[in-house]
Trainee: 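Got a structure for you, written out below as structure tokens; questions coming shortly.
Read the numbers this way: they start at 1 and go in the same order the structure lists the ligands and their atoms. Positions are given from 1, in the same order as the sequence printed here.
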Amino acid sequence: MKHLDELTFDNRYARLGDAFSTSVLPEPILNPRLVVASEAAMQLLDLDPGEAQSEVFAELFSGHKLWAEAEPRAMVYSGHQFGSYNPRLGDGRGLLLGEVCNDAGEYWDLHLKGAGQTPYSRMGDGRAVLRSSIREFLASEALQALGIPSSRALCVIGSDTPVWREKQERGAMLLRLAQSHVRFGHFEYFYYTKQPEQQQILAEHVLATHFPQCQEQPEPYLAMYREIVERNAELIALWQAYGFCHGVMNTDNMSILGITFDFGPFAFLDDFDANFICNHSDDQGRYSFSNQVPIAHWNLAALAQALTPFISVEALREVLGMFLPLYQAHYLDLMRRRLGLTTAEDDDIKLVERLLQLMQNSGVDYSLFFRRLGDEPAESALKRLRDDFIDLNGFDAWATDYLARLQREGTADDPQRTARMHAVNPLYVLRNYLAQKAIDAAEKGDYEEVRRLHAVLTKPFETQSGMEAYAERPPEWGKHLEISCSS
Ligand code: AMP
Ligand code: MG
């Protein structure tokens, strides 16, 4: 286990030069203090968990101190926001402090979000508020614990720096970890600014550092694009299967690694609602829950467009065409598991879709349904769950077909059923109202609830004694929280 001053930096992205990022120093926030840290994320850097309590920890992640080997840089990128191309985005409030290489030889970007203005801040103040920093922290670590690839969060540091949003709030910084911060928008930037040499340097860098296996392929760039399509198909299947709504799927918020990235107004579904829009500013519902699938496809097409200098349009089109079938196969596989099915039958997707429609019509809690379905033998579980549905005939017909399906594969009374289903159906999810309660306390200076909620969410599949309150349906006020883009 290492101390903070023992990290090994190797800043590969910074070395690409000024066409790719700009050197900027963090602007410190006032009276920094630790709000919450993730031990699991610290382990990725081989950091001793005790380091989070040191004064220097809060100083390093609030812009007051810097490692001698760090080279803070604001990255340049562009992207499609709500369908329209924005030619110049970039890190407007975050800085890539450097890349740390751990003992296993893995590289982690240290990205400090809320670090002050940069040449890409446009009209923004360069800051992040405590509320949104806590939300990103909790979601990163909760997604990871659910087995959904995501950027990670090392810590949130709170402060007395005033920040104006709809009202005065307090500034905070989030230390984000990811193996890469390259977005679809990085490729779009060099494509639309017509800088083919720089674009090639970027592509070579990404290929060598993140897709080395593709270098052996006859067409390395095409192989890389295929892998990006595959990873995103898998990721979106996980979001849809677990009810995660990203909220701002602009191409600048899409990671080339296929990890959940840059989520602000995200939400996990409470009641199942295919049309759910978690981002209050998304009037058209472009990023509604069910639209995430076609939007991911749209975003991959935008990336394909940016790669046309390297790859033929026909080849790109063919690979892009793999997205939907790949997504469908992953999604069905995940939903079979969530239903406790161990074999595959042709009509399984219909069983899933009928259930979702019934849940939608009756406003059934998405996460708890699957958890409870695995609590006991199928027949008794179905009897208990029946009360949650309004269309009882519809539910009975579905339950009959589901039971028959289990009987055909012989798992209706399988003693392993509960263990198998509980291992894939979380009891604890990051519901908006749980995050909001923790934020309300943190804004008054009490960080205990953030820490407790974080701890609960790190073991989402295990029943934790005394934590029953975290596994309940939200109260009525908690279902209608409005989460805006402002963060
Ligand atoms: P987001 O919607 O958070 O992904 O941000 C979109 C763009 O706006 C990115 O280029 C951000 O860096 C930038 N941005 C967001 N908030 C701020 C802020 N408070 N100050 C400066 N830039 C910001
Ligand atoms: Mg963003």
Side-chain angles (χ1 to χ4, degrees), residues 20-22 24-27 29 63 72-97 109 111-137 139-140 150-151 153 156 159 161-176 178 180-189 192-193 245-257 259-267 277-283 286-287 295-296 299 302-303 483-487:
F20 299 86
S21 61
T22 308
V24 182
L25 286 176
E27 264 176 73
I29 41 177
R73 315 273 305 188
M75 291 169 129
V76 60
Y77 52 83
S78 62
H80 282 84
Q81 296 182 307
F82 288 89
S84 307
Y85 185 65
N86 187 334
R88 202 171 148 93
L89 292 164
D91 290 334
R93 56 166 164 176
L95 295 174
L96 179 60
L97 295 182
D109 283 359
H111 177 98
L112 193 58
K113 191 163 176 177
Q117 287 177 318
T118 78
Y120 313 106
S121 297
R122 297 171 292 157
M123 306 301 281
D125 58 9
R127 292 303 187 195
V129 294
L130 182 62
R131 161 177 58 84
S132 66
S133 305
I134 289 173
R135 280 174 54 84
E136 179 163 347
F137 176 92
S140 309
S150 173
S151 58
V156 174
S159 80
T161 300
V163 174
W164 281 95
R165 293 297 178 256
E166 280 93 9
K167 56 181 173 120
Q168 184 174 317
E169 300 192 42
R170 281 194 203 163
M173 289 192 196
L174 170 93
L175 196 284
R176 177 163 72 196
S180 171
H181 274 71
V182 175
R183 308 147 189 258
F184 290 10
H186 279 81
F187 285 95
E188 292 181 283
Y189 173 77
Y192 287 105
T193 52
C245 204
H246 180 289
V248 208
M249 285 176 71
N250 294 333
T251 56
D252 54 301
N253 293 336
M254 297 288 290
S255 158
I256 49 127
L257 296 183
I259 59 175
T260 315
F261 196 70
D262 238 7
F263 29 96
F266 71 85
I277 303 163
C278 63
N279 182 352
H280 184 53
S281 326
D282 182 6
D283 306 322
R286 179 180 171 88
Y287 300 138
I295 286 293
N299 288 343
L303 176 62
I483 308 296
S484 75
C485 244
S486 96
S487 56

Trainee: Determine which of the N, O or S atoms in Asp262 is closest to the Mg ion (ligand 2) and give its atom name.
Mentor: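 When I compare the N, O and S atoms of Asp262, OD2 is nearest to the Mg ion (ligand 2).
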Trainee: Nearest to atom 19 (N) of ligand 1, what protein heavy atom do you find, and at what distance?
Mentor: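 So the nearest neighbour among protein heavy atoms is Asp125 OD1, 3.0 Å.
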Trainee: Test salt bridge (charged side-chain N to carboxylate O under 4.0 Å, His left out) on Lys113 and Asp262; report intermediate values, then the result.
Mentor: CA-CA 10 Å; Lys113 191 163 176 177; Asp262 238 7; 3.2 Å; yes
Trainee: Tell me whether Gly264 reaches ligand 1 (any heavy atom closer than 4.0 angstrom to a ligand atom).
Mentor: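 Not so, Gly264 does not reach ligand 1.
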Trainee: With a heavy-atom distance limit of 4.0 Å, tell me whether Arg127 approaches ligand 1 through its side chain, its backbone, both, or neither.
Mentor: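 Only the backbone of Arg127 comes within reach of ligand 1.
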Trainee: With no hydrogens and no angle check, is any side-chain donor or acceptor of Asn279 less than 3.5 Å from a backbone partner on Gly247?
Mentor: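 Pair found, side chain donor or acceptor close to backbone of Gly247.
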Trainee: For atom 17 (C) of ligand 1, which candidate among Arg88, Arg93, Met75 holds the nearest heavy atom?
Mentor: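 When every heavy atom of Arg88, Arg93, Met75 is considered, Arg93 comes closest to atom 17 (C) of ligand 1.
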Trainee: Within the 3.5 Å criterion, strictly below it, is a donor on Arg170 or Ser133 matched to an acceptor on the partner's side chain?
Mentor: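 Checked: Arg170/Ser133 side chains show no N/O donor-acceptor pair below 3.5 Å.
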Trainee: Just wondering, do Phe20 and His186 contact through their side chains at under 4.5 Å, heavy atoms?
Mentor: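 SC-SC contact between His186 and Phe20 ruled out.
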Trainee: By number and element, which atoms of ligand 1 are closer than 4.0 Å to a non-hydrogen atom of Arg165?
Mentor: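 This gives 19 (N) as the contact atoms.
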Trainee: Looking only at heavy atoms, is any part of Tyr77 under 4.0 Å from ligand 1, and if so is it the side chain, the backbone, or both, or is it neither?
Mentor: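 The part of Tyr77 near ligand 1 is the side chain, not the backbone.
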Trainee: In ligand 1, which numbered atoms sit nearer than 4.0 Å to a non-hydrogen atom of Asp262?
Mentor: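 Near Asp262, meaning under 4.0 Å from one of its heavy atoms, ligand 1 has 4 (O).
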Trainee: By number and element, which atoms of ligand 1 are closer than 4.0 Å to a non-hydrogen atom of Asn253?
Mentor: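 Answer for ligand 1: 4 (O).
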Trainee: Please report the C-alpha distance between Arg127 and Met173 in whole Å, then the side-chain angles of each, then the deciding distance to 0.1 Å, and finally whether the side chain to side chain contact (heavy atoms under 4.5 Å, CB included) criterion is met.
Mentor: CA-CA 8 Å; Arg127 292 303 187 195; Met173 289 192 196; 3.7 Å; yes
Trainee: Side chain to side chain contact (heavy atoms under 4.5 Å, CB included) for Val24 and Tyr120? Distances and angles first, verdict last.
Mentor: CA-CA 11 Å; Val24 182; Tyr120 313 106; over 6 Å; no
Trainee: Polar-atom distance check: Arg122 versus ligand 1, any N or O pair below 3.5 Å?
Mentor: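 Between Arg122 and ligand 1 (N or O atoms, distance only) the closest approach is under 3.5 Å.
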Trainee: Counting only heavy atoms, which portion of Val248 has something under 4.0 Å from ligand 1: side chain, backbone, both, or neither?
Mentor: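 For Val248, no heavy atom sits under 4.0 Å from ligand 1.
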Trainee: Could you check atom 21 (C) of ligand 1 against the protein and tell me its nearest heavy-atom contact, residue, atom and distance included?
Mentor: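 Minimum-distance protein heavy atom for atom 21 (C) of ligand 1 reads Gly92 O, 3.1 Å.
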Trainee: Look at the N, O or S atoms of Asn253, main chain and side chain alike, and state whether any lies under 2.8 Å from the Mg ion (ligand 2).
Mentor: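 Within the cut-off used here (under 2.8 Å), Asn253 does place an N, O or S atom near the Mg ion (ligand 2).
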Trainee: Might you check, step by step, whether the distance between atom 5 (O) of ligand 1 and some protein heavy atom is under 4.0 Å?
Mentor: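 For atom 5 (O) of ligand 1 the answer is no, since every protein heavy atom stays at 4.0 Å or beyond.
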Trainee: For atom 20 (N) of ligand 1, find the nearest protein heavy atom and state the residue, atom name and distance (0.1 Å precision).
Mentor: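 Nearest neighbour among protein heavy atoms for atom 20 (N) of ligand 1, to 0.1 Å: Gly126 N, 2.8 Å.
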Trainee: Would you mind reporting whether Thr161 and Glu27 have side-chain heavy atoms less than 4.5 Å apart?
Mentor: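 No, every pair of side-chain atoms sits at 4.5 Å or beyond.
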Trainee: Could you check atom 10 (O) of ligand 1 against the protein and tell me its nearest heavy-atom contact, residue, atom and distance included?
Mentor: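 Nearest protein contact, heavy atoms only, for atom 10 (O) of ligand 1 is Gly90 O, 2.7 Å.
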Trainee: Evaluate the side-chain proximity of Phe263 to Ser140: yes if any heavy-atom separation is below 4.5 Å, no if none is.
Mentor: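 Yes; the side chains approach each other to less than 4.5 Å.
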Trainee: Applying the ring pair (Phe, Tyr, Trp, His ring centres under 6.0 Å) criterion to His80, which one of Phe187, Tyr85, Phe184, Tyr189 satisfies it?
Mentor: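 That would be Tyr85; it is the only one of Phe187, Tyr85, Phe184, Tyr189 passing the ring pair (Phe, Tyr, Trp, His ring centres under 6.0 Å) with His80.
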